[in-house]
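Before any comments, here is the structure.
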Amino acid sequence: MKCQVCGSEMRHVATDLPFKVGAKTIVILKELPVLQCESCAEFLIEDRIMERVDAILNKSDTAAELEIVKYAA
């Protein structure tokens, strides 16, 4: 797959990404599989992965300011 920003190749990597789920709550998903550009670091989360991310974020504790969750495939 080619990067839509610069046209370079995208490769599968696992990374940690923050998601803001409430006014004061951030959830960090560890080892999240994404496609990342080799040149410009643009990334893409595939639809099937994003569905799981949505499910994880919907279960998050919005009373906490920070929650760290390991993404398990």
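In this chain, numbering begins with 1 at the start of the sequence shown. Not measured: the values here are computed from a predicted model.
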CA sep, side-chain torsions, deciding dist, call: Tyr71, Lys30, side-chain contact (heavy atoms from CB on, under 4.5 Å): CA-CA 6 Å; Tyr71 181 90; Lys30 303 215 27 108; over 6 Å; no

side-chain contact (heavy atoms from CB on, under 4.5 Å) between Ile45 and Leu17, intermediate numbers included: CA-CA 11 Å; Ile45 301 173; Leu17 287 178; 4.1 Å; yes

Common cluster, Val21/Leu32, ILVMFWY with side-chain heavy-atom separation under 4.5 Å: yes

Cluster overlap Ile26 with Leu29, hydrophobic side-chain contacts below 4.5 Å: no

Lys2/Met10 under side-chain contact (heavy atoms from CB on, under 4.5 Å): CA gap, chis, key distance, verdict: CA-CA 6 Å; Lys2 299 283 185 185; Met10 303 282 278; 5.9 Å; no

Trace of the side-chain contact (heavy atoms from CB on, under 4.5 Å) decision for Met1 with His12: CA-CA 10 Å; Met1 174 180 259; His12 289 276; over 6 Å; no

Same apolar cluster (I L V M F W Y, side chains within < 4.5 Å links), Met50/Val13: yes

Cys6 SG to Glu38 CD distance, which is reported to the nearest 0.5 Å: 9.5 Å

Gap separating the NZ atom of Lys70 from the CD1 atom of Ile28, nearest 0.5 angstrom: 15.0 Å

Side-chain ion pair, Glu65 and Lys24, N-O less than 4.0 Å: no

Any Glu67 side-chain heavy atom under 4.5 Å of Thr25 side chain: no

Heavy-atom side-chain proximity of Arg11 to Leu35 below 4.5 angstrom: no

Ser39 vs Cys3 side-chain heavy atoms within contact, under 4.5 Å: no

Note, Glu42 side chain near Gln4 side chain (heavy atom, < 4.5 Å): no

Cluster check Ile49, Val69: I/L/V/M/F/W/Y, side chain < 4.5 angstrom: yes

Within one Ile-Leu-Val-Met-Phe-Trp-Tyr cluster: Val27 and Phe43, side-chain cutoff 4.5 Å: yes

Over 12 foreign heavy atoms within 6.0 Å of CZ, Phe19: yes

